[in-house]
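Just the heavy atoms: all of them, side chains too, but no hydrogens, waters or symmetry mates, feed the values below. In what follows, residues are counted from 1 in the order of the sequence shown. Just so you know, ligand 1 is whichever comes first in the structure, and atom 1 is the first atom listed for that ligand.
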Amino acid sequence: MTRGAVALLATLNLLACGAAVEPSKGSTGSDGSPPAAARAGAGAPGIGDPHFPLDGNGGYDVAHYALEIGYVPASKHLDGEATIRATATQPLSRFNLDLHGFKVSEVTVDGAAARFSRDGDELSVTPAKPLAQGAEFAVRVAYSGEPQPVRGSSNLGTYGFIPTKDGAFVTAEPNGARTWFPANDHPADKATFDFKITVPRGVTALANGELLSRKPAAGGGTTFTWRESNPMVTYLATATLGKFRLREGKTAGGIPNLAATDPRYAGALDKLYERSGEITDHWVKVFGPYPFGSTGGVIDDFSAGYALENQTKPMYGGFEPDESIIAHELAHQWFGNSVSIKRWKDLWLNEGFATYAEWLWAEHRGDSTAEQRFRTALNRAADDAIWSYPPGDTRPDDLFHESVYLRGAMTLHALRQEIGDDTFFKLLRTWAAEHEHGNATTDQFTALAERLSGKQLGSLFDAWLFQPRRPAV
Ligand code: ARG
Ligand code: ZN
C-alpha cells in the first residue's frame, strides 16, 4: 500500500475511535482529565518502519507467543490458535495484528470475546473494554485454512509457510510470519515463543529452541512441543514439517546440537551436524558466548534459492550447504538474531556481518585472507551495482541486494584496517554483548566503534555505507 493510503488509514482510525471514546460526563478522573480508558485510541497499523509502513503495529509490545498449530500435509489444512501476551504502550480502544489469509473464527482479549475485522493483512481487534497504558493483556486468535506463502514479490522469492509434499518449509524473512500466525510482524518487537505442533504420524515438526516433549496426539498423530526461551524476531520463527533424519548431541564446546535432513539429503546429515557444531564453537571464540540454548541446521527438500538463519536452526532450502554458508547462517545467531535490527534500512548489520564471517572462516581455515576477499571485491568494475547501491540504506524493493552483503562486509574490513585487529574484534564482541537479545541501529554501531577506537570514523562509514559510488581506498 502507498504512503498516502497509510496516512488515510491512520486518519480513518482516529476518526472512527474518536467518536467511540468521547468521554461522557462524570467519567473524568479526579484531576479532571478523562480516565485512561476514555482517552484510548486505536493502535497504529504499522510499527513505524518507512520501508514497510504496514509491517508490525503500534500501541503494544509483545512478550510471548504461544502457538498451537495442527497441520495436515495431504490437505494443506492448518488449524491455529495463537495466544499472545503483550503490554499496551498507550491507551488502546483497539489494536492490529498482522495476518495473511486464513479464516479467523474467534478473538478474545483476556478471555472476553473481542470484535475483529480484516483489511488486507491487518487484523483489527476491539477488546470489550479499552486497555489502559501499561496494561498487560493476552489476545487469543483462533484461525484456520490453507496457508498462503508470499510468492515472487519483487525479488524476494517465495517465503513464509510454504507447503511441501511431506510437510512445510517455513522461512519468513522479511515479513512472512503472518502467513502462519497472527503477529506483530516486524523485527523491532522481539518475544519468546512456545510451539505446540500436531502433525500426522511419521511427520516431524522442527521449531525454534529446544524440544520439550513429543507425544501421541489425542486424535492420532504426534504433538511436538518446542520452546524458544530467548527473545526472537517474528521472521526467524519456524515450524518446519516433514520426514526428517535427525542427529542430536552436543558440540565439543558443550552446546546442544541438532541437525535434520530430508531423506533425500540423508548423506549430508553427518557433515551438517559436525560442521555446524565446529563452526558454532569457533564463533564463540571470536564473537563471545553463544546467545541461545542450542545450535544446528535443517536441510529440507524445497528449492527456496536461499538459506535462512532461523533462530537455533538455520534452514537450507534444497541444497547441501558448504562451510561458507554454514559459517554465514551461524554468524547470524549473534548478528541478526541476538542483536537484531530495528529498521530494515539497517539490514547490513545482519548481512554485512554474516558475509564478513564467511571471510573470517576462510581466513581461519587458511584458504584466503579477508584482505584478499576485500581486494577482489574492490577490483569490481566502476559500473558494478554494489557501487551505486549504498548498503547502509537498503531499498525496500531490493532489500537483499548484493551490496548489503558484500559492500557491507567490505565496510567491516575497511573499519578493521582503520582501527586494527585488537580493537576490531573487541568491537564485534562488545556489540554482541551490549545488545544481546535486543535491537540496535547503525548509529549505535558507529558510535561504539568510535568509542572503542578513540577515532573519528564518520567519513569512513559515510563513504562505505551511504555514498552511491566506490569509496576511495
Ligand atoms: N537472511 C538470508 C541469508 O542471508 C536471506 C533471506 C532472503 N529472504 C528471501 N525472502 N529471499 O541467508
Ligand atoms: Zn545472511
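E351 lies close to the Zn ion (ligand 2), since one of its N, O or S atoms is found at a distance under 2.8 Å.
Between Y235 and W344, the angle of the ring planes lies from 30° to 60°, which puts this pair in the tilted group.
Partner of M410 under the side-chain contact (heavy atoms from CB on, under 4.5 Å) criterion, out of L378, V473, T355, L415: L378 alone. For the ring-ring contact (aromatic ring centres under 6.0 Å, His included) criterion with W348, the lone passing option out of F400, F353, Y389, Y405 is F353.
Shown here is R416, whose CZ atom has more than 12 heavy atoms of other residues, nucleotides or ligands within 6.0 Å.
Comment: E434 engages R451 in a salt bridge, judged by a side-chain N to carboxylate O separation of less than 4.0 angstrom.
How far CZ of F224 is from CZ of F195: 14.5 Å, rounded to the nearest 0.5 Å.
Rounded to 10°, the angle formed at the Zn ion (ligand 2) by H332 NE2 and H328 NE2 is 100°.
Using a 4.0 Å heavy-atom criterion, the residues that approach ligand 1 are L156, Y159, E173, Y306, A307, L308, E309, H328, E329, H332, E351, F400, Y405.
Between the side chain of R407 and the main chain of I386, a donor-acceptor pair closer than 3.5 Å is present.
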